[in-house]
Chemist: 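Take a look at the following structure, please.
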2 protein chains.
Amino acid sequence: MRSRQTRTAVLGALSIQPMTGYAMREAIRTTLGHFWSESFGQIYPTLAELEQEGLVERGEGTRTGSSTFALTPAGRAHLRTLLADPPQPDPPRNGVLLRLFFGRVLGPEACADLVRDARDRAERQLAGLAAERTDTDHTAHADDSPYWLLTISAGEHAARATIAWADETLATLATLAAEGHGGEPPTSSKETP
Amino acid sequence: MRSRQTRTAVLGALSIQPMTGYAMREAIRTTLGHFWSESFGQIYPTLAELEQEGLVERGEGTRTGSSTFALTPAGRAHLRTLLADPPQPDPPRNGVLLRLFFGRVLGPEACADLVRDARDRAERQLAGLAAERTDTDHTAHADDSPYWLLTISAGEHAARATIAWADETLATLATLAAEGHGGEPPTSSKETP
DNA sequence: CCACGCATGTAAATCGTTACATGATTAA
DNA sequence: TTAATCATGTAACGATTTACATGCGTGG
């Protein structure tokens, strides 16, 4: 069985409206993109599985060979149980912090580049979320929209936190650089005396 | 070859001080725990690989059969190149937001439970980081400690952001509940008229 | 002497992405 | 007509965790 998380995402997507696998991938990428992702390789097998179990129904698509999937009553019930059981915390992996932790090897200037990149990404993220907020039609899916706004807000809080941290960090790194904690040179005199 | 990320973590750990595979696992879990994780199944094969490539050296351990690994000069040089190339962004997956997005199916009260849990975790995280900050001996690894503090700070910013978001969200969910957007009942009258 | 912590390693299982093969439909 | 987009699915690969098998050393 595909992971419960993927099943949740797929059934959840269909709880908004029936759609094809392709459309689901697009919907997840654009709407859930700031906190979730699924690939075709997950979506199609999961849909097939859910169909076998009678949790989704395959209907006629708009073109030959395509099908729109829809939730069955059993599927909606199953989604409720999936949503109810506690989210499994995945092990944290932050590439920026990993590099920064070993920053002594790299030196303050290179670390500052790293942090500036992270800051830029957060800034763009923030702008993107603000755009989504204003662009989106709130009347179309009025019942779902308050919950959607909560996830947007989460993204904004996280991005602002990253920006604030980055600014503090850049100041710290500047003083570190001034104090002369330079990066280790490519060929260290300690290693080849 | 094991992933560059894992190699970076392993070489990085040895850049602080030589240690056994077992000790490395402990060090990563306790010190890098709030932003990174590695399991034995990754660490041992990676160490063997790096040894083959002459990037780490296996020395005598304190007991029979055990070995302490240390960085070679080539290993240190390789670590610098690994740290320099840009962090690969992994696809986001936030189980709490996934559940909240489909909150309409679950109802505002159950969503509030979810958010309260997330808030609790963030609060504990914050307390844990504060404890680490005060407990740790800054003189032992003085050269690495400023960079370590930057990662602690990142965790604190993120946790505070989660707490602030959770409080806002709980207020919003309370008004939603008051307006009567209850969860869908276990047996919907729409599905069985 | 025995339970627990230190220590190493492998095998299997899980989870997920990427790339490919294939074809229909539509807009230029 | 041809390129782009919609659409489905599979195969291969990669990354990572978990569980297991094994044994040394030490404190109670």
Side-chain angles (χ1 to χ4, degrees), chain A residues 1-10 13-14 18-30 32-33 35-52 56 58-70 82 87-95 98, chain B residues 1-10 13-14 18-30 32-33 35-52 56 58-70 82 87-95 98:
Chain A
M1 205 209 314
R2 303 280 145 169
S3 78
R4 296 172 86 71
Q5 305 247 65
T6 296
R7 290 162 70 93
T8 306
V10 168
L14 295 181
M19 60 183 95
T20 67
Y22 186 90
M24 186 178 295
R25 152 70 191 243
E26 279 310 290
I28 289 176
R29 203 170 52 78
T30 61
L32 278 60
F35 65 86
W36 202 259
S37 79
E38 292 292 350
S39 59
F40 285 134
Q42 293 276 92
I43 290 173
Y44 283 116
T46 301
L47 279 171
E49 222 180 73
L50 294 170
E51 191 190 11
Q52 285 285 314
V56 309
R58 187 188 296 251
E60 289 289 298
T62 52
R63 49 172 75 193
T64 47
S66 85
S67 8
T68 52
F69 293 87
L82 284 178
Q88 54 194 64
D90 46 357
R93 291 203 129 198
N94 184 324
L98 181 68
Chain B
M1 207 211 311
R2 303 280 144 169
S3 78
R4 296 172 86 69
Q5 305 248 67
T6 296
R7 289 162 72 92
T8 305
V10 168
L14 295 181
M19 59 182 96
T20 67
Y22 186 90
M24 186 178 295
R25 153 70 192 242
E26 279 311 289
I28 289 175
R29 205 170 50 79
T30 61
L32 278 59
F35 66 86
W36 201 260
S37 79
E38 293 291 350
S39 60
F40 286 134
Q42 292 277 91
I43 289 173
Y44 284 115
T46 301
L47 279 170
E49 222 179 73
L50 293 169
E51 192 189 11
Q52 286 286 313
V56 309
R58 187 187 298 250
E60 290 289 297
T62 52
R63 50 171 75 192
T64 46
S66 85
S67 9
T68 51
F69 293 87
L82 284 177
Q88 54 193 64
D90 46 358
R93 290 204 131 199
N94 184 322
L98 181 67

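Every chain is numbered from 1, with letters handed out A, B, ... down the list of sequences.
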Chemist: Heavy-atom nearest nucleotide on DNA chain C for B/G41 versus B/R93: which residue maps closer to 5'?
Modeler: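 That would be B/G41.
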
Chemist: Just how far, in rounded Å, is P of C/dA11 from OH of B/Y44?
Modeler: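 Rounded to the whole Å, the gap is 16 Å.
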
Chemist: Whole Å only: how far is the CD atom of B/E49 from the C1' atom of D/dT16?
Modeler: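 Distance, rounded to whole Å: 14 Å.
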
Chemist: Can you find a side chain N or O atom of A/T62 that sits less than 4.0 Å from OP1 or OP2 on C/dT25?
Modeler: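 Negative; the distance criterion is not met.
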
Chemist: Between D/dG14 atom P and A/Q42 atom CD, what is the distance in whole Å?
Modeler: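 Between P of D/dG14 and CD of A/Q42: 18 Å.
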
Chemist: Output the rounded distance in Å from CE (A/M24) to P (D/dC6).
Modeler: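 Spelled out: CE on A/M24 to P on D/dC6 is 16 Å.
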
Chemist: Whole-Å distance between D/dA15 P and B/M1 CE?
Modeler: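 About 9 Å, once rounded to whole Å.
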
Chemist: Please tell me if A/T20 has a side-chain N or O lying less than 4.0 Å from either OP1 or OP2 of D/dC6.
Modeler: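 No, no such contact exists.
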
Chemist: For D/dT16 and B/R2 - does any side-chain N or O of the residue sit under 4.0 Å from the phosphate oxygens OP1/OP2?
Modeler: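 No, because none of the side-chain N or O atoms of B/R2 sits under 4.0 Å from OP1 or OP2 of D/dT16.
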
Chemist: Would you mind reporting whether A/M24 and A/L47 have side-chain heavy atoms less than 4.5 Å apart?
Modeler: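 SC-SC contact between A/L47 and A/M24 confirmed.
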
Chemist: In whole angstroms, how far is the C1' atom of C/dA7 from the CD1 atom of B/I28?
Modeler: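 Those two atoms, CD1 and C1', are 16 Å apart.
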
Chemist: Rounded to the nearest angstrom, tell me the gap between atom CG in A/D90 and atom P in C/dT14.
Modeler: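 Rounded to whole Å, this separation is 18 Å.
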
Chemist: How would you label the contact of A/R25 with the nucleic acid (heavy atoms, under 4.0 Å): base, sugar-phosphate, or nothing?
Modeler: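 Contact class for A/R25: none.
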
Chemist: Between C1' on C/dT10 and CZ on B/F40, what's the gap in Å once rounded to a whole number?
Modeler: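 Rounding to the nearest Å, CZ of B/F40 and C1' of C/dT10 are 14 Å apart.
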
Chemist: Checking side-chain contact (heavy atoms from CB on, under 4.5 Å) for the pair B/M19/B/L14: CA distance, chi angles, key distance, verdict?
Modeler: CA-CA 7 Å; B/M19 59 182 96; B/L14 295 181; 3.9 Å; yes

Chemist: Salt bridge or not for A/R7 and A/E49, using N-O below 4.0 Å?
Modeler: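 A salt bridge is present here (some side-chain N lies under 4.0 Å from a carboxylate O).
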
Chemist: To the side chain of B/P91, which of C/dT17, D/dT8, C/dT10 is closest?
Modeler: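 Nearest nucleotide to the side chain: C/dT17.
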
Chemist: Is there a side-chain polar atom (N or O) of A/S66 under 4.0 Å from OP1 or OP2 of C/dT25?
Modeler: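 No.
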
Chemist: For B/A23 and for A/E38, find the nucleotide of DNA chain C with the closest heavy atom, then tell me which residue's nucleotide is more 5'.
Modeler: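 By nearest-heavy-atom nucleotide position, the 5'-most residue is B/A23.
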
Chemist: Output the single nucleotide from C/dT17, C/dT8, D/dT17 whose closest atom is nearest the side chain of B/S67.
Modeler: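 The nucleotide sitting nearest to the side chain is C/dT8.
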
Chemist: What nucleotide among D/dT18, D/dT5, C/dT17 has an atom nearest to a side-chain atom of A/Y22?
Modeler: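 Selected nucleotide: D/dT5.
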
Chemist: Has B/R4 got more than 12 heavy atoms of other residues, nucleotides or ligands less than 6.0 Å from its CZ?
Modeler: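 It does not: B/R4 CZ has 12 such atoms or fewer within range.
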
Chemist: Do A/R25's NZ or CZ and the ring of A/F40 fall within the cation-pi criteria of under 6.0 Å and 45°?
Modeler: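 Geometry flag: set, cation within 6.0 Å and 45°.
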
Chemist: Would you indicate, yes or no, if D/dT16 has its OP1 or OP2 atom less than 4.0 angstrom from a side-chain nitrogen or oxygen of B/S37?
Modeler: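 So the side-chain polar atoms of B/S37 never come under 4.0 Å of the phosphate oxygens OP1 or OP2 of D/dT16.
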
Chemist: Examine the base of D/dA7 for any acceptor or donor lying under 3.5 Å from a partner atom in the side chain of A/R63, and report the outcome as yes or no.
Modeler: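 Answer no: no donor N or O sits under 3.5 Å from an acceptor.
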
Chemist: Salt bridge or not for B/R2 and B/E38, using N-O below 4.0 Å?
Modeler: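 No, B/R2 and B/E38 are not salt-bridged.
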
Chemist: At under 4.0 Å between heavy atoms, what does A/T64 touch on the DNA or RNA strands: base, sugar-phosphate, or nothing?
Modeler: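 It contacts sugar-phosphate atoms only.
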
Chemist: Counting only side-chain N and O atoms of A/R4, is one of them less than 4.0 Å from OP1 or OP2 of C/dC15?
Modeler: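 Answer no for this pair, as no side-chain N or O of A/R4 is under 4.0 Å from OP1 or OP2.
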
Chemist: Tell me whether the OP1 or OP2 atom of C/dG16 has a side-chain N or O from A/S3 closer than 4.0 Å.
Modeler: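 Checking A/S3 against C/dG16: at least one side-chain N or O falls below 4.0 Å of OP1 or OP2.
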
